[in-house]
Amino acid sequence: MGKDTIADILTSIRNADMNRKGTVRIACTNIIESIVKILRREGFIENVRKHQEREKSFLVLTLRHRRNRKGPSRKILNLKRVSRPGLRIYSHYQGIPRVLGGMGIVILSTSRGIMTDREARREKMGGEILCYIW
């Protein structure tokens, strides 16, 4: 894993989805746990388990859309990292973009924690745009 842990987990989930893997194992940090909770609540992930080996903890994610998908490979889950360590992207609550006209979600890091675009607009909070998911 590199220095950008959010990009690493998004890439792991994207690769597992493209290769039709049912589960993904990722390293566990506080920010990763918050993002995974949002993904589970929004229905992109079916199940989350915390797994510990020796002194390291991992999250084992069970991806959705695995059971009935046959035929040619097509992307179901799209993830895009927006803000990165070299270029941070911030937005006030009125300027938060809508992904697919509101069908996707934007995950933001605000002063009240990590939340989706809908929650941020409702609480009138801006922050750093972490990623888009649709």
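- The line from OG of S111 to CD of E123 is 9.0 Å long, rounded to the nearest 0.5 Å.
- Taking all atoms of both residues into account, the shortest heavy-atom contact from I45 to T62 is CG2-O, 3.4 Å.
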Margin query: Assess the residue pair L61 and I13 against the criterion (side chain to side chain contact (heavy atoms under 4.5 Å, CB included)); give the C-alpha distance rounded to whole Å, side-chain angles, the decisive distance to 0.1 Å, and a yes or no.
Written below: CA-CA 9 Å; L61 312 176; I13 293 171; 3.8 Å; yes
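- In this structure, L39 is not a member of the same hydrophobic cluster as V60, with clusters built from ILVMFWY side-chain heavy atoms closer than 4.5 Å.
- Nearest heavy-atom pair across F44 and W134 is CE2-C, 4.3 Å.
- With sequence neighbours left out, R122 forms a side chain to side chain donor-acceptor pair (under 3.5 Å) with no residue at all.
- For the pairing with L59, the side chain to side chain contact (heavy atoms under 4.5 Å, CB included) check across V24, T29, I26, I9 returns one residue only, I26.
- Taking both residues in full, the closest heavy atoms of D117 and P97 are given as OD2-O, 4.1 Å, listed atom of the first, atom of the second, then distance.
- Look at D4 and R81 and you find a salt bridge, because one of the NZ, NE, NH1 or NH2 atoms lies within 4.0 Å of a carboxylate O, short of that distance.
- Between the OG atom in S12 and the CG atom in D17 there is a gap of 12.5 Å [rounded to 0.5 Å].
- Using modelled atom types, one side-chain atom of N19 and one backbone atom of N15 make a donor-acceptor pair closer than 3.5 Å.
- The backbone N or O of E53 sits nowhere less than 3.5 Å from a side-chain atom of S57 that would complete a donor-acceptor pair.
- A cation-pi geometry, defined here as NZ or CZ lying under 6.0 Å from the six-membered ring centre and within 45° of its normal, holds between R25 and F58.
- Taken together through direct or relayed side-chain contacts under 4.5 Å among Ile, Leu, Val, Met, Phe, Trp and Tyr, I114 and Y90 form parts of separate hydrophobic clusters.
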Under 3.5 Å, which donor-acceptor pairs link side chains of residues 98-110 to any protein atom two or more places apart or in another chain?
| from | atom 1 | to | atom 2 | distance (Å) |
| --- | --- | --- | --- | --- |
| T110 | OG1 | R112 | N | 3.2 |
| T110 | OG1 | G113 | N | 3.4 |
| T110 | OG1 | G113 | O | 2.7 |

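- V48 and M115 are members of different hydrophobic clusters when ILVMFWY side chains are connected at heavy-atom separations under 4.5 Å.
- Taken from CG in L10 to CD1 in I133, the straight-line distance is 6.0 Å, to the nearest 0.5 Å.
- Under the 4.5 Å side-chain criterion, counting only non-hydrogen atoms from C-beta, E33 is in contact with K50.
- Checked for salt-bridge contact, R84 and E128 miss the test: no charged N lies under 4.0 Å from a carboxylate O.
- With contacts defined as side-chain heavy-atom distances shorter than 4.5 Å, the pair Y132/V82 qualifies.
- Separating the OH atom in Y93 from the CE atom in M125 is a distance of 12.0 Å, to the nearest 0.5 Å.
- Remark: I35 CD1 to I6 CD1 distance equals 4.0 Å, nearest 0.5 Å.
- Residues K3 and P85 have side chains not in contact (no heavy-atom distance under 4.5 Å, counting atoms from C-beta outward).
- R41 and T116 get closest at one heavy-atom pair: NH2-CG2, 4.1 Å.
- Atom CD1 of I89 and atom OG of S83 lie 6.0 Å apart (nearest 0.5 Å).
- In this structure, E46 does not pair ionically with R40, as no charged nitrogen and carboxylate oxygen lie closer than 4.0 Å.
- In this structure, S91 has no side chain to side chain donor-acceptor pair (under 3.5 Å) partners at least two apart in sequence or on a different chain.
- Counting heavy-atom neighbours within 6.0 Å of R49 CZ, excluding the residue itself, gives a total of 12 or less.
- Under 4.0 Å is where a charged nitrogen must lie from a carboxylate oxygen, and between R64 and E42 no such pair does.
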